[in-house]
Structure formats: structure tokens, C-alpha cells
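Okay, so here's the structure we're looking at.
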Amino acid sequence: MEPSSLSGLPAGVGEALEAEGVAELYPPQEAAVDAGVTDGESLVAAVPTASGKTLIAELAMLSSIERGGKALYIVPLRALASEKKAEFERWEDHGVTVGVSTGNYDSDGEWLASRDVIVATSEKVDSLIRNGAPWIDDLTCVVSDEVHLVDDSHRGPTLEVTLAKLRKVNPGLQTVALSATVGNADVIADWLDAELVESDWRPIELRTGVHFGNAINFDDGSQREVPVERGEDQTARLVADALDTEEDGQGGSSLVFVNSRRNAESAARKLGEVTGSRLTGEERDRLRELAEEIRGVSDTDTSEDLADAVERGSAFHHAGLASEHRSLVEDAFRDRLIKCVSATPTLAAGVNTPARRVIVRDWRRYDGEFGGMKPLDVLEVHQMCGRAGRPGLDPYGEAVLLANSADTREELFDRYVWAEAEPVRSKLAAEPALRTHVLATVASGFAATRDGLLSFLDNTLYATQTDDEGRLASVTDTVLDYLEVNGFVERDRDGGSEGLAATGIGHTVSRLYLDPMSAAEILDGLRTVADGDDEGAGAGDFVPADGAAPGPDADADDAGFTTYTRADGDADGDADDPAEAAASDGDDGPEVTPLGLYHLVSRTPDTYQLYLKSGDREEYTEVCYEREAELLGDTPSEYEDVRFEDWLAALKTGRLLEDWANEVDEDRIAERYGVGPGDIRGKVDTAEWLLRAAETLARDVEGIDGDVVVRVREARKRLEYGVREELLDLAGVRNVGRKRARRLYEAGIESRADLREADKAVVLGALRGRERTAERILENAGREDPSLDGVDPDSSASAAATAGADADGDGDGQASLGDFG
DNA sequence: TCGGCAGAAGTTTAGACAGCATGTC
DNA sequence: CTAAACTTCTGCCGA
């Protein structure tokens, strides 16, 4: 079937596809067309990765748009959103517009409602529904990429409920679900009332095999000799073998999957010996440049180790890397500059990074709940193997599992090579998942009674595949009790069917996209502050919202608390105004410190906890008692309460955040907490998000001291910029980060206003003579005449700045590791 | 007494979604 | 119940 023979697509699309080189549709694509994707028919396509799934989605979306509709493409990862957007933008010549919406990136100012195709993550779509995005009911086609992720216990339920909601709002909606080959694609099709296209067909041959001893045995019965000498590294031999086998005039690159970050790093180091000896002079030069770029991303050991490996054509890839690191590695690997990447599962499902040879070195991974090393899911291994074979570059792809004995070889064949992937199973009927989705479903008007709620939940995958009819109802009831106790929903038990309604806070929580348990924890924590200084202050008391009050003052205690309203003149974001800070210092209520707030949001289920290492328990128990007064809420008993462990883990995270807000260098933080630059950014981002939510909650809820709102905002801003209080103003200037702000401050330039007035020589000196940077900064600070022509840097400013930048930000009188190793 | 070294014992362990505002003289 | 790569500790040896 030729693309140009398809009907129902926008004019010229078929021809454009042929011009791209799509002369014939692939068999699964043809089956999809036969099943009616271009006629608005719903479809589940369960086919291998890289077998043209995206084109099936495009055919559905484009034909839907041609009929006057609007399409939504749901991706599982933020990183994939921009990849897909770029891919779909090639249809803009045919009048199709594309927009993206994810948590950290919205299409540049474009109003989504006007776009024909919108790419978003499932959480973002869920959030848009909760917030009543007007274009949701205009959708005529929704594509769900990697639907098999409904099996994921954390994020699966969101996808499941979101699809159910979209279909409910829009009964005629064409639903196209793209899935890996799984055990029960028919059940998914059944759930979505869709046709099923299932196939193992791949455009590039994929051979899967197991290496043991001196050869790889492939699933097609063939063998390839790859002898491994005694004491030689099996992985290294296989990587070398791929590189030494030229196809298309080039050796093949490899992707090695391992089970821990540390293993990824040490494998990359070792494999650098293999790749390093096979580079051309030009490649060495380019790699050296790339390594410099990597070092420039971050000052941490991780960054340094990565750069060292990359210089030799080898790299590692895991979530501890900064996102800039990741894309540098991914791009260079695609460009065939980096010859081998050792990765954790980040690369198995993320952006498209194919390799000629995939080596699955570790097939078991530590799992605490399992109590040891757990074999990977068949689906996961298949996903890894599916990365083998680059379309247009490799004549074939090879996926090799490593065995260290004949027995293991047989086990790997049985377990992975011959095995079908596990069936997908809904994880909806679990409390954490339902807690969030029951509240959202009630709050956004999908259900007003208990019966209505249960019948809505009947549209989920869970309902179509469970045999236990009562389970969903019973978990729902447990969750409803929880939501009622915490004041998020009201229940009316008088009528025939129990009535349900979200309270004001319930609505807020749902719109903020918080787990209700996080919201409850935050509210409890913040309320302890108000309760602490006046027993008489309760939620029902009179709340003064005096529009004339400039902020909390000494009298505020009389009423127990003061609320800020938008009218009180504090909406200008001037929380760091010294006068205000001084005023609140006069308050004798319990002090709300950044650490207290960081600890509070860190112990919320929306924050991923840091692992307590040996010795940490002792260390943080001590910190916990030292700073107990700052922690919001009661510390669980060290000896009787199992929650104590979590409390300490949250304290560790809280301290990391505090360090960041105290300008401790990234490399010190990385070392102190045993994390990578990517983890630091991740923790800070999450905390920022939660503190913003906390700010909104604190404003919306009665019984929380207005001063608390100010403290929350300041703690959040300090995280955002990574600076101490006195630098908040400076760090707000574009191109001024925590480092430059500190240098400027040490040179006597303490504010944005100073930047406009200061001696240019001092500014230039503080910025270490970087003329262009200094000009940009002056311009961004709003200086009339930012030009630095003929200005010489003031060397004393530069010296002061250097001294300031080297100071360890640990000046709170706590025990400090004042050594440099 | 000290340093070097080998082997024993102990330690650690993947990933990643969400909101929001708002500018400048 | 299950692993494996590291790091740190321990004890032995020789000088």
C-alpha cells in the first residue's frame, strides 16, 4: 500500500511521505489502515519498538484533523514530548500546527487551544482536565504512546483514569493506543473498544542471543564466535567485537545495560580502554571538545568521570546525570562519536538511542521489597533489546544477554529469548492511586455520588480485567473515609445514593496536582505553627484580613494569627523586604525556618526519599534532636515508631535542600549526600513545586499564620536561586546565578539597584573580567548604558569575589566537614 | 614499631510526573 | 531464600 493512495489525509501528506522514502507502508501500518485508523476507528497497535508505530499515530491524527478535529498525543516522558513535537512539526507545511505541554515546558506562548496536535505527558493531561482546559472537549483523536505503562504502579493509574476521562467527556473519541508487544493486548483493546493490530514484524532484523564461553548463540540458530580468554572481560570482548565488525564502512556501536549507577560508571571506565584504542585522530579531537562541554555542565565528580570516559569514546548514562549531560551523551552516541554507552534503564524506554549491538549485562536488579536480586521483567528486557538496530544505518540489530554458565544460558533463553512479555495488569485498586484520582474525579465533576464514582471507575482497565468485583469499591470507601477526615470531600449520607462533593480545599488540592496525603501533611505541619503560639486560635475563629496592615506586627499575636490577602500590598513579591523580615522577627511565635519547611515537603509522598546509608541514621538522629524545634509537627519516637526512619530520611533530604539554599557548592552536596547533579536538580525542583503548592494552601486555608506564607515563599525562592536571603534580589537578574550573585555581593554590589549604579570596573572585576557576560548582566539589570568599552576590571573586586566564592556556605554553627580531603 | 598487603567483612543498590508567574527603566 | 562490585577493616608478615 502506497502512502499516496490513502484517502482522508490532508492534501500532499501522502506524497510527502513518499518523498521521505516511505514507498510502501509497513505491514502493521497497512493492517492499521485496514482496521480503519484513517476513518476514525479506535485501535490498539501492539508492535515492536521501531516498527513504525509513530506513523500509525500520525495517520490517525492527520486524518482526524482533516475531518476538522483536534488530536492529543500522550507521551510517557517529558523528554519524549519535545522529540515528538519536532517530528510532528514536519506537517506544518501542510497546515497542521503542533503544541507541547509538560510540567517544565509549554509551547512558547502559543495558546494550546489553537493547535491541531498537542503533545503532553499523561500527568499534564490529567492536570489540564482538572483545571478545566477548554479544548479538552474539542478532541477527536487521542493517541497514547506506550500504553503498557498502565502496568506501572505509580504512574499507570494516572494514564488509565485520564484515558477514561477523555473518553467519557468525548464519547466519539478515536483512541489509538500504541503498545509494546505484551501478553494481553486483546484485553487493552477490549477496554478501549478498539480494533487490535498485533505483530512481531520489524523493519530491521533483530537477532537476540546469549553469550557464554566463546560464542553467542542466537535465536535463529546461528552462532557467532566471540572467544573470551580467561580473566578477560566478557562485556569488553563483545563491545570490541561489534566495533571491529564493519558494516557500511563503520564498526558498530554498543549499548550496555547494567543494574546500578555505580556499575554503569565503572563499566564505562573499563570499556573506554576498548573504544579508546579504536578512534581516529579527528574523533579524538571532537571527543576532547565534548568532554570539555561535559565538564562545563557541572563541577561534580560525576561530571568529571563522565568527561574522562567520553574522551575515550565511552560514556555512562543514568538519572544522576544532569539533563544537559544526558542529551550531550545521547546526541554524540547517535552521531556515532561515542562508541559505547553503559546505562541503567534510563535508556531502555527514553529517547531514541539505538545501537548496532545491545548487551544486557545484568538481568537481575536489587529490589528491597523482593528481598534481594529480582530478575527483570521480560517486557523490560525486550524493551532493552529493541534498542538494537539503527534504521538506515545498520543492516541488522543484535541483542546479547550475558551468561556465566551453561545453565544460565539455558535459563536466559527460556526466561527472555523465547518468552512472551508479561500481561499488563492495572494497578488502580491501590490506596495511593485512588486517593488522588477519587478526589480529582469528584472535584472535577465526573461523579457526584458514590454510585456515580463507582460507575465512572467501571470504565477503567482495572474494571475490565478484575474478577474481584468488590475490591475497587472497598478501597474506594477506605479512600473516601480518608478524604472526608482530612476535609477534602463532604459526604451526604441522607439520600438514596451517598452524595459526594469536594470542599474548597479539596478543589485546591486537586488542581494543585498534589497527592491528598501530601496536602494533609503540609497543612498539619503549617498548622502546628499557628497552634503553637496561641492555644485559643482555631480554624473557626475570626480571621482579621485588614487591608491596611502592611504585614505581621507585634499586635498580630493578639488574634493568634494574621492573614495576608491579595489587597494588603504584599502581592508584589517583595517578601525579602528587610522591613518585613525585621517585623516578623519581632514575633514570639515558633520560628518557621527553611529547614522546617524543607523537611515538611520532603516527608510528603510526592517526594522521592533519599536512601539512609550506614552511619546516616546516627548522624541524622543527632541533627534531628539538635534542630527539633525547627521541624514542623511532632517527631515520632525513635524507639517505638516505625515512621522515625522516614522522618530521618526526610531530614536528610531537607538538609540537602538547606545546603543548596545556603550556597554550598554542587560538588560538596554531591559528595556529602552521595548523589549526582541530576538528583540535586530533581530534589530542588520537586521541593520548589511543593512549596509553591504549600504557599497556595496556606493562603486558602483558615488557621494558618500569614507570616508563614511569607516564610514559605522565601524558602521557595531561596531554593529556586540556590542562594541565601541577602542574594535573592541579585539572583533574580537574568544571567546571574548563585555564583555570580555571591561574587557581586562580596564586591559590594548588593542589589539590582546597585547593579544599575555601581562602578563598572567593580562589576567587571567581580565577574572576573568577562566583558560580554558583564554587559549582558548590566543590560538585564536595566542599566541605561551597559557598554563596558574601555573599562578595566577592578582587581580588588575580583579578589574579594574569589574569597567570597570559596567560602563554604555552612555558617550555621552546625558541625561541618571543614576538610577538603 | 611500622608499612605493605591479602583476604575477610561490610556496604550498597533504577527511574521520574506535577504548578506557576512574570517581569524592565 | 537469591548478587556482585566496591570499600573498609583486620591481621599477618617482614624489615
d([atom1], [X]; [atom2], [N]) in whole Å:
X	N	atom1	atom2	answer
A/Leu691	B/dA18	CG	P	18 Å
A/Glu695	B/dA21	CD	P	10 Å
A/Phe257	B/dT13	CZ	P	21 Å
A/Asp152	B/dA14	CG	C1'	12 Å
A/Asp367	B/dG15	CG	P	14 Å
A/Arg155	B/dA14	CZ	C1'	14 Å
A/Glu411	C/dA3	CD	C1'	13 Å

Electrostatic pair [X]:[Y] at N-O distance under 4.0 angstrom:
X	Y	answer
A/Asp126	A/Arg155	no
A/Arg435	A/Glu431	no
A/Arg269	A/Asp308	no
A/Asp646	A/Arg603	no
A/Lys427	A/Asp151	yes
A/Asp785	A/Arg756	no
A/Asp233	A/Arg237	no
A/Glu775	A/Arg783	no
A/Arg716	A/Glu720	yes

Got a sec, which residues hit side-chain hydrogen bond (donor to acceptor under 3.5 Å, both in side chains) with A/Tyr620, two or more places apart in sequence or on another chain?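 Result, side-chain hydrogen bond (donor to acceptor under 3.5 Å, both in side chains) vs A/Tyr620: none returned.
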Classify the nucleic acid contact of [X] as base, sugar-phosphate or nothing, counting any heavy atom under 4.0 Å across all strands shown.
X	result
A/Ala319	sugar-phosphate
A/Arg269	nothing
A/Ser122	nothing
A/Glu688	base
A/Lys124	sugar-phosphate
A/His318	sugar-phosphate

Reckon [X] has a side-chain N or O less than 4.0 Å from the OP1 or OP2 of [N]?
X	N	answer
A/Ser266	C/dC6	yes
A/Arg511	B/dC20	no
A/Thr344	B/dG15	yes

Separation between the C1' atoms of B/dA16 and C/dA5, rounded to whole Å: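 Here B/dA16 and C/dA5 have their C1' atoms 26 Å from each other.
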Distance between P atoms of C/dT2 and B/dC17 (Å, rounded) | 35 Å
Given [options], identify the nucleotide with an atom nearest to the side chain of [X].
X	options	answer
A/Ser260	B/dT13, C/dA5, B/dA18	B/dT13
A/Arg261	B/dT24, C/dA3, B/dG15	B/dG15
A/Tyr608	B/dA14, B/dA16, B/dC17	B/dA16
A/Tyr366	C/dA3, B/dA16, B/dC25	C/dA3
A/Leu77	B/dG15, B/dA16, C/dA5	B/dA16

Assert: residue with more 5' nearest nucleotide on DNA chain C, out of A/Ala267 and A/Asn259, is A/Asn259
Scan nucleotides 9-12 of chain B against the protein and return all N/O pairs shorter than 3.5 Å with their distances rounded to 0.1 Å.
residue, atom, partner, partner atom, Å
B/dT12, OP1, A/Ser614, N, 3.3
B/dT12, OP2, A/Ser614, N, 2.9

_Between A/Gly103 and A/Arg734, which residue's closest nucleotide on DNA chain B lies nearer the 5′ terminus?_
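The residue mapped nearer the 5' terminus is A/Gly103.
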Quiz item: If each of A/Arg365 and A/Asn131 is mapped to the nucleotide of DNA chain B with the nearest heavy atom, which maps nearer the 5' terminus, i.e. the 5' end?
Solution: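 The 5'-side residue here is A/Arg365.
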Quiz item: Which atoms form the tightest heavy-atom contact between A/His382 and A/Ala421, and what is the distance?
Solution: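 It is CE1-N, 4.3 Å.
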Mate of B/dC17 across any strand shown (Watson-Crick or G-U wobble, both atom pairs under 3.5 Å) is none
- request: Could you let me know what B/dC25 is paired to, Watson-Crick or G-U wobble, both distances under 3.5 Å, or none if it's on its own?
  value: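 Pair assignment: B/dC25 / none.
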Would you say whether A/Trp689 stacks on B/dA18? The test is a distance between ring centres of less than 5.5 Å and an angle between planes of less than 30°. yes
Rounded to 10°, the angle between the first-five-pair and last-five-pair axes of the helix from B/dT1-C/dA15 to B/dT13-C/dA3 is 10°
